[in-house]
Amino acid sequence: MKKNWQIILVIFVAIILLIGMLYPPFLEQIGFDRTNRREFHSLIQQTNRILIRSSDKKDVLEITDPAAVRVFSDNVRITRRNDRGLCKCYGFPTMIWYKGDQVLATAEYHTGDLRWKRGGHGELYAGPLSKSSKEYLQELFRKHNIVYFNK
């Protein structure tokens, strides 16, 4: 009887993984999301200051106007789970979302993806930006002469 239970469990897990490969949003619905995008979007909505830092660690743009902060945060959207994995390099520029002096999140722009960390440290998450987010950020970077990673 115990062996039957183990076989059933293996079959169940295999079915879940197969469904996840064929229909990736299913994995998000059951709580598997390597982008952690819901938490990211929630965190950046709480911010009152955004700092953009160049690849040489110089602050190149600070956004403090509440309306501009809202527009920026509303336009940075990770679209879906990351099924491509992470490369080992980091992009630029770095974006830092603050609430007062507290760092809520940091993210690096990397060829249309974001690599981000909660509070600027800890586990690294990554995910593709929506097409409109990628276009918004690239236009903002060009407007302010900010060099960005875009292979």
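Residues forming a side chain to side chain donor-acceptor pair (under 3.5 Å) with Gln46 (at least two apart in sequence, or on another chain): none. Remark: Ser42 pairs with no residue by the side chain to side chain donor-acceptor pair (under 3.5 Å) rule, at least two apart or across chains. Listed by chain and number, the residues in a side chain to side chain contact (heavy atoms under 4.5 Å, CB included) with Thr47 are Ile50, Val69, Ser73, Trp97, Leu104 (sequence neighbours excluded). Not a single ring-ring contact (aromatic ring centres under 6.0 Å, His included) links Tyr98 to another residue, sequence neighbours left out. Every side chain to side chain contact (heavy atoms under 4.5 Å, CB included) that Glu139 has, sequence neighbours left out, goes to Arg142. For Lys58, the salt bridge (Lys or Arg N to Asp or Glu O under 4.0 Å) test picks out Asp56, with sequence neighbours left out. Here Asp59 pairs with Arg53 under the side chain to side chain donor-acceptor pair (under 3.5 Å) rule; sequence neighbours left out. For Val60, the side chain to side chain contact (heavy atoms under 4.5 Å, CB included) partners two or more places apart in sequence, or in a different chain, are Ile52, Ser54, Ile146. Under the side chain to side chain donor-acceptor pair (under 3.5 Å) criterion, Asp74 pairs with Gln45, sequence neighbours left out. Among residues two or more places apart in sequence or in another chain, the side chain to side chain contact (heavy atoms under 4.5 Å, CB included) test is passed with Glu135 by Lys131.
Taken from CZ in Arg115 to CD1 in Ile78, the straight-line distance is 10.5 Å, to the nearest 0.5 Å. For the atom pair NZ (Lys99) and CD1 (Ile44), the distance works out to 14.0 Å, reported to the nearest 0.5 Å.
By the rule that hydrophobic residues join a cluster once side-chain heavy atoms approach within less than 4.5 Å of another member, Leu140 and Leu129 end up as members of one cluster. Follow the hydrophobic side-chain contacts under 4.5 Å out from Phe72 and you never reach Ile96; the two are in separate clusters. Under the 4.5 Å side-chain heavy-atom criterion for Ile, Leu, Val, Met, Phe, Trp and Tyr, Val103 and Leu43 are members of distinct hydrophobic clusters.
Leu137 is listed as a side-chain neighbour of Met95, based on a closest heavy-atom distance under 4.5 Å.
A side-chain donor-acceptor contact under 3.5 Å links Asn48 to the backbone of Gly100.
The only member of Tyr136, Phe141, Phe92 that meets ring-ring contact (aromatic ring centres under 6.0 Å, His included) when paired with Tyr109 is Phe141.
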### Query
What's the verdict on side chain to side chain contact (heavy atoms under 4.5 Å, CB included) for Glu108 and Leu114, showing C-alpha distance, side-chain angles and the deciding distance?
CA-CA 6 Å; Glu108 288 87 23; Leu114 274 190; over 6 Å; no
